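Because the structure is a prediction, the values reported are computed rather than measured. The residues of the chain are indexed from 1 along the displayed sequence.
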Amino acid sequence: MPDSFQYQTYGAKVAAEGVRDLLDHVFNDMKVGQSPGMRPTPVCIWGLHGIGKTELVREMAQERGFGFSYIAPAQFEEMGDLLGMPMIDQTEDDQTTVTRFAPPDWAPRSEGPGILLIDDVNRADDRILRGIMQLLQFYELVSWQLPEQWLIVLTANPDGGDYSVTPLDEAMLNRMLHVTMKFDVKAWAKWAEKHRIDARGINFVLAYPELVNGHRTTPRSLVQFFNSIASIDDLEANLGLVKVLGEACLDETTTQAFVNFIHLKLDHLPSPEMILDAEDFDKIKNRLERLVNDGATKRLDILSVLISRINNYVQLHPPGPAQLKNLQAFILLDLLPNDLRLAMAQELTASGTESMQQLYAMPEISRILLEKM
């Protein structure tokens, strides 16, 4: 988080995978079943804007086939937006009439499991926040309840900085489990590989993770920029347009760093597919040697980027026999320092994927791993 503000967040500070682990635990508890009359404690995910909090929750609902409902209470202008509208109804014995509230259209009606996401909760007005407290405590508002097996998840930006937020008091904070999501470049790169973000963008973030600073340059604004340049094949030939697109999404420092990235030809790094599918690996080897040894200093940053890209790629796309052979050849490249070679082999074999366990059957790879045990 930027050092210029004393941001206040709550809960453990973890990467996206840590947030997933917490939500998985709560989901599994829901599946086992709560005690009669008990509902799961809502989970609040804190973090800077653009880090992917909302997208993570939405994706988890989709992956699990859960129902999903979304509200942004900062948009609520009247209490009726939260509570629903009053209506006259008969009592059960039909002897008299009572006022009840019809649920608003965002209120889930289908059977669970499902997730109600209350996004940017602390951007809501204080009166809306006070109204939400009953929902967090009892999963109900006035006359209506959330269906069984629905979990409330909230997101919030930090207090104590430049965010226009309403501080949450202790009574509200105590109604939730809290976790703070932080940016992790490896987790982001794996997500980006899965979602087919422009490869040049993935390489850039892996090479310059310190630029993801939470001001104008965030994971979200970077993805916007990378999507905007995806159709430009030759970035150097269109450098003026690239700079305009960069400054439309990012801060000036990040845009200039991307221009330097292009000048250094780092937008032309070979892709994981190119390396793993090479029919003649010696050609790849020669190309890598020229890239890494181009200058007075060996470009270990290029090797680190390529290792991260390959590791993520093979975990998402299990390699066949020919690709495994090229993967072994890459790990054994003389270009790789021993610490990078070992770290790559350890990460792959620890991934838990069946295809990566085959690396143990390769004598040269198993020897690297066993020598460090």
Side-chain angles (χ1 to χ4, degrees), residues 1 12-27 43 45-66 68 70 115 117 119-120 153 155 157 179-214 216-230 249-250 254 258 261 266-267 269 271-273 275-276 301 304-319 343-344 347-348 350-353 355-356:
M1 293 184 178
K13 294 178 173 62
V14 297
E17 287 305 311
V19 178
R20 279 180 165 270
D21 289 343
L22 173 62
L23 292 177
D24 274 331
H25 175 73
V26 178
F27 292 154
V43 177
I45 305 170
W46 296 79
L48 299 178
H49 64 288
I51 202 170
K53 304 181 295 295
T54 303
E55 188 66 22
L56 181 147
V57 178
R58 193 187 300 270
E59 283 190 1
M60 290 193 73
Q62 291 174 345
E63 291 165 3
R64 288 173 166 266
F66 283 8
F68 184 79
Y70 173 95
I115 299 173
L117 176 60
D119 205 19
D120 291 330
V153 179
T155 68
N157 290 138
V179 66
T180 295
M181 182 169 158
K182 64 180 183 179
F183 177 72
D184 178 82
V185 66
K186 287 188 175 181
W188 180 88
K190 190 171 184 177
W191 172 89
E193 201 80 53
K194 179 180 178 181
H195 288 80
R196 300 183 180 278
I197 302 301
D198 190 285
R200 298 166 297 188
I202 302 176
N203 291 342
F204 174 72
V205 174
L206 286 169
Y208 302 100
E210 69 280 0
L211 293 176
V212 187
N213 55 29
R216 287 201 67 206
T217 301
T218 68
R220 178 167 58 208
S221 64
L222 283 163
V223 170
Q224 291 170 350
F225 173 56
F226 300 148
N227 287 342
S228 73
I229 65 170
C249 304
L250 312 170
T254 307
F258 192 79
F261 177 83
L266 297 181
D267 56 321
L269 294 181
S271 67
E273 300 98 316
I275 293 171
L276 296 174
D301 56 330
S304 295
V305 168
L306 292 174
I307 286 171
S308 294
R309 292 287 315 280
I310 292 171
N311 283 4
N312 289 336
Y313 181 84
V314 298
Q315 291 177 50
L316 294 168
H317 309 281
M344 182 179 187
E347 181 175 343
L348 290 173
S351 66
T353 58
S355 58
M356 291 300 95

Taking the side chain as everything from C-beta on, heavy atoms only, tell me whether [X] gets closer than 4.5 Å to [Y].
X	Y	answer
Ile307	Glu347	no
Leu266	Asn203	no
Leu222	Leu250	yes
Met356	Pro318	no
Leu117	Arg58	no

[atom2] on [Y] to [atom1] on [X], rounded to 0.5 Å:
X	Y	atom1	atom2	value
Ile202	Asn312	CD1	CG	8.0 Å
Trp46	Lys13	CH2	NZ	11.0 Å
Glu273	Tyr313	CD	OH	4.0 Å
Thr217	Leu211	OG1	CG	7.0 Å
Arg196	Asn227	CZ	CG	14.0 Å
Leu316	Trp191	CG	CH2	12.5 Å

What's the shortest heavy-atom distance between [X] and [Y], and which atoms?
X	Y	answer
Asp184	Ala15	CB-CB, 3.4 Å
Pro272	Arg309	CD-NH2, 3.4 Å
Phe183	Pro209	CE2-O, 4.3 Å
Ala189	Leu206	CB-CD2, 3.8 Å
Ser221	Cys249	CB-O, 3.4 Å

Inset, instruction - Would you please classify the geometry between the Phe226 ring and the Phe258 ring as parallel, tilted or perpendicular, with 30° and 60° separating the classes? - result: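 Phe258 vs Phe226 ring planes: tilted.
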Inset, instruction - Report the relative orientation of the aromatic rings in Tyr208 and Phe261; use parallel for angles under 30°, tilted for 30 to 60°, perpendicular for over 60°. - result: perpendicular
Does the [X] side chain pair with the main chain of [Y], one donor and one acceptor, at a distance under 3.5 Å?
X	Y	answer
Asn157	Gly47	yes
Gln315	Asn311	yes
Lys53	Leu48	yes
Thr155	Asp120	yes

Inset, instruction - Give the C-alpha distance, both sets of side-chain angles, the deciding distance and a yes or no for side chain to side chain contact (heavy atoms under 4.5 Å, CB included) between Val179 and Val14. - result: CA-CA 7 Å; Val179 66; Val14 297; 3.5 Å; yes
Legend entry - Asp198: salt bridge (Lys or Arg N to Asp or Glu O under 4.0 Å) partners, not counting sequence neighbours: Arg200
Legend entry - Step-by-step side chain to side chain contact (heavy atoms under 4.5 Å, CB included) determination, Val153 to Val26: CA-CA 11 Å; Val153 179; Val26 178; over 6 Å; no
Legend entry - All side chain to side chain donor-acceptor pair (under 3.5 Å) counterparts of Asp24, not counting sequence neighbours: Arg64
Inset, instruction - Show your reasoning for whether side chain to side chain contact (heavy atoms under 4.5 Å, CB included) applies to Glu193 and Lys190. - result: CA-CA 5 Å; Glu193 201 80 53; Lys190 190 171 184 177; 5.7 Å; no
Inset, instruction - Let me know which of Ile115, Val19, Val43 forms a side-chain contact (heavy atoms from CB on, under 4.5 Å) with Val57. - result: Ile115
Legend entry - Carboxylate-amine/guanidinium proximity below 4.0 Å for Glu59 and Lys194: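 Not counted as a salt bridge, because no side-chain N and carboxylate O are separated by less than 4.0 Å.
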Legend entry - Evaluation steps, side chain to side chain contact (heavy atoms under 4.5 Å, CB included), between Ile310 and Met344: CA-CA 9 Å; Ile310 292 171; Met344 182 179 187; 3.8 Å; yes
